[in-house]
Amino acid sequence: QVQLVESGGGLVQAGGSLRLSCAASGSGFSFNVMGWYRQAAGKQRELVARITSGGSTTYADSVKGRFTISRDNAKNTVYLQMNSLKPEDTAVYYCAANKYVVTRPANVDYWGQGTQVTVSS
């Protein structure tokens, strides 16, 4: 059974920083691609950033230069360092894990439970 356990969300003022963590566990699954999606109220879930086991990264245009994704392969853990946060970054952030890169959230293999990030103006 695969589990993704997130931590690190919270309330922060605009311009501040937060760091999200997601630890994956479970046998028989290759966590080749790990990443973060977010879903704001009334909006669709969208990719924030993803990283492969080889270190290749992809970012949404809206977070480039502000967010950094990293991972510890030995621990099956992925991190999202979020700097210069804006009110429009407010959303529930979900950790995701896949065997392969996917282009749609519907194709994600496993999801975390989500962690709320709220950025006040």
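- Taking OG of Ser62 as the reference point, atom CZ of Phe67 lies at 7.5 Å (rounded to 0.5 Å).
- Between Leu20 and Val117 there is a side-chain heavy-atom pair separated by less than 4.5 Å.
- Taking CG of Asp72 as the reference point, atom OH of Tyr79 lies at 5.0 Å (rounded to 0.5 Å).
- Residues Leu80 and Arg38 fail the side-chain proximity criterion, which asks for heavy atoms closer than 4.5 Å.
- When all heavy atoms are compared, the tightest approach of Val5 to Gln113 is CA-OE1, 4.1 Å.
- Residue pairs meeting the ring pair (Phe, Tyr, Trp, His ring centres under 6.0 Å) criterion with at least one partner in residues 87-108, sequence neighbours excluded, do not occur; the list is empty.
- Asn98 is not listed as a side-chain neighbour of Arg50, based on a closest heavy-atom distance of 4.5 Å or more.
- Once rounded to the nearest 0.5 Å, the distance linking NZ of Lys99 with OG of Ser53 reads 13.5 Å.
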> Going through the checks in order, is the side-chain contact (heavy atoms from CB on, under 4.5 Å) test met by Val48 and Met82?
Replying inline: CA-CA 11 Å; Val48 176; Met82 305 185 291; over 6 Å; no
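- Between Asn73 and Arg71 the shortest side-chain heavy-atom distance falls below 4.5 Å.
- Rounding to the nearest 0.5 angstrom, the gap separating the CD atom in Gln116 from the OG1 atom in Thr90 is 7.0 Å.
- Using modelled atom types, one side-chain atom of Glu6 and one backbone atom of Gly114 make a donor-acceptor pair closer than 3.5 Å.
- The shortest distance between side-chain heavy atoms of Trp111 and Arg45 falls below 4.5 Å.
- The structure places CG of Leu18 at 8.5 Å from CD of Gln81, a figure rounded to the nearest 0.5 Å.
- Under the ring pair (Phe, Tyr, Trp, His ring centres under 6.0 Å) criterion, Phe31 pairs with Phe29, not counting sequence neighbours.
- The CD1 atom of Ile69 lies 8.0 Å from the CH2 atom of Trp36; values are rounded to the nearest 0.5 Å.
- The pair Lys64-Asp61 counts as a salt bridge, with a side-chain nitrogen and a carboxylate oxygen less than 4.0 angstrom apart.
- Considering Cys95, Cys22, Ser21 as possible partners of Ser7, the one that fulfils the side-chain contact (heavy atoms from CB on, under 4.5 Å) test is Ser21.
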